[in-house]
Amino acid sequence: MLKLSNAIGVQVQNALERAFPEATTTALANGKALNPQLAPASKPEFGDFQVNGALQLAKQLKQSPRHIALAIVEQLKTDEAFLSLCNSPEIAGPGFINLSLKNECLETEIKKQLKDERLGVPLTSQGKDKPIVVDFSSPNIAKEMHVGHLRSTIIGDSIARILEFRGYSVLRLNHVGDWGTQFGMLISHLKRVAPSALTTANAIDLGDLVNFYRQAKQRFDNDVEFQDASRQEVLKLQNGDSEALKAWHLLCDQSRKDFNQIYKRLDIRLTERGESFYNPFLKNVIDDLDNSGLLITDEGAKCVLLNGISSKEGKPLPMIIQKRDGGFNYATTDLAAIRYRFSESPKGDGAQRLIYITDAGQANHFTGVFQIAKRAKWIPKGGHVEHVPFGLVQGEDGKKLKTRSGETIRLRDLLDEAVGRAEKDLRGRLKEEGRKETENFIKHVSNTVGIAAVKYADLSQNRVTNYQFSFDRMLALQGNTAPYLLYALVRIAGIARKGGDLKAATEKLEFNEHQEFSLIKELLRFDEVIVEVEEELLPNRLCTYLFELSQVFNRFYDQVPVLKANEPSRSCRLALCRLTAKTLKLGMDLLGIPTLERM
RNA sequence: GCGCCUGUAGCUCAGCGGAUUAGAGCAUCUGACUACGGAUCAGAGGGUCGGGAGUUCGAAUCUCUCCAGGCGCGCCA
């Protein structure tokens, strides 16, 4: 309905300008056009659109809002094109104009939508050649993925999917923590307790590695001699020592295998490009900053002083780019990454926009890094950098999510539990209903429902707030949950199985019931929702839409017969079922959530 | 102390500067199964939108201020 609302927007604008020609000229001379403020109706009883502008224009035009509204309506009534789309406009309250679409217009629109594979969502017209980088997930080598990575991974994937669907070229980058002091520590510890792990592939699994990591960290914090040894290992690694490199590769491979299992389960595509990738560019970052006069030395460390951000003492906060010992830190890597991503190929990605999906706690860090990149002139004209923050994952007690013993929950275990609970629930239901299904079916459905529930629960919440994790709530069969949405699709599939030809002819469409029109209006909103989600980078808006669509469909399904209806209603209703299924499937796909025919 | 984020129904959350009724879901209560899967649908009760001030014709929404909570704050990432 995007095109339609644009068309009506133009018609209303023209009507306003015809009604008040002098004011229009004056306004244009001041560089501001009169704005009729066309918006979707705030409530269904107000129709489909409302014009709010009359109230604001009252002062400017020195007339009462109702009078202005009346003048606009008079003009609209002379517009043939407008009258072919909308019923006669109505003035309400202090001066709102309510517009409602004609049924014939809705029928024409829905007919178009039925034929459109993209369901009305336009392909982007610009910047297809320049990629958008979506930086998400980013686990650390030698550590297991935990709930902290869940949100970044799920939200990042969905945002990437939506941008891809809009026609952008998207670079999904996994900025894994594969470099830095922790490797010196880990290699030096393993050399002492498990030397075979550093030379033999698969000698130890990641679970062991995580334990080794903990031991190494503990030792590092308490043992000065060990710290020195670790630093030596880091230097060796950075200088390309073959033994150190081999050890590093083995550690990375081991971790990668584990990450990939998770990504496979979650159906996530990512290009791994870890911190180590930027290693060759770090020195240039320092030199560049030095040349542009941004770099200062403070307490032996090379820093850039941030504008407008002060430290505890009230002085400008320095951001350390090179440590006293000459080592680089994450700010250095992030700056190198920004520079590389914006640089033209082949020395970079030639990106138009960088999107970082990380927890809100890193907001200050990114503010600083972005500011430095801007001052160093690494962000080209038309280039954008954006931090897309999200809140903490909390348990039902409102505290940071942990196991009972207080440990971090592994992502693997969390997914297992979701799937396990879905399976238990399904088996119980099958028994209750006396249904018999194959083991394959049970496994497939439980897996799909479990993963869908985890993803949907996360995505359906506004990402900036903390997110309270609850298996019971996400797996609930009623309410705004994945199972509820999946069930709507299963009902449609059921109609098809019972002999409903969803591809029935749709040349002549005719609707009479209000439930049909509610469903049609909901279906036509899809394109606007997608475009809005793309602008705001808020996938929960898409979730809200899909939930509302499911509700409207369930009402339709409950109150209007499809298969038992007489023609032509039967075919017309089947067409609505088909479009509902397509919309739900596409919407879920853009969230990265798989769907089912039966459950 | 400074910075960022959050505060909306008993609970979990939506909410795009607009209509003298601020929306969902869960939970609670009342209804509807010889129609396509009742994993559903129809309805009811429940809110001084953290407090105060300001801008505006109009504020949950914008500004300021206070209160409460979370997270972060120079050589980890």
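Chain letters run A, B, ... following the sequence lines, proteins first and then strands; every chain starts at 1.
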message: Counting only side-chain nitrogens and oxygens, does A/Q394 get under 4.0 Å of the OP1 or OP2 atom of B/rU12?
response: no
field: Any A/N364 side-chain nitrogen or oxygen under 4.0 Å from OP1 or OP2 of B/rG3
entry: no
message: Should A/F96 be counted as stacked on B/rA19, where stacking needs a ring-centre gap under 5.5 Å and an angle between planes under 30 degrees?
response: yes
- prompt: So, A/R421 and A/D472, do they make that salt bridge, N to O below 4.0 Å?
  reply: yes
message: Can you see if the side chain of A/Q478 gets near the phosphate of B/rA39 - specifically, an N or O under 4.0 Å from OP1 or OP2?
response: no
message: Assuming nearest nucleotide by heavy-atom distance, tell me which of A/L563 and A/Q50 is located more 5' along RNA chain B.
response: A/Q50
query: Ignoring hydrogens and geometry, is there a side-chain-to-backbone donor-acceptor pair from A/E567 to A/S571 under 3.5 Å?
result: yes
- prompt: Ring of A/F547 versus six-membered ring of B/rA24: centres under 5.5 Å and planes under 30°?
  reply: no
query: Out of B/rC41, B/rC36, B/rC16, which has the shortest distance to the side chain of A/R541?
result: B/rC16
task: Select one nucleotide: of B/rC36, B/rG74, B/rC76, the one nearest the side-chain heavy atoms of A/D298.
output: B/rG74
message: Can you identify which nucleotide, out of B/rC75, B/rA14, B/rG70, has its nearest atom closest to the A/R324 side chain?
response: B/rC75
- prompt: Do the side-chain N or O atoms of A/T465 get closer than 4.0 angstrom to the phosphate oxygens (OP1, OP2) of B/rA14?
  reply: yes
query: If only atom types and distance count, is the side chain of A/S569 paired as donor or acceptor with the main-chain N or O of A/A565 below 3.5 Å?
result: no
query: If you measure only the distance, is there a donor-acceptor pair under 3.5 Å linking the side chains of A/Q468 and A/N466?
result: no
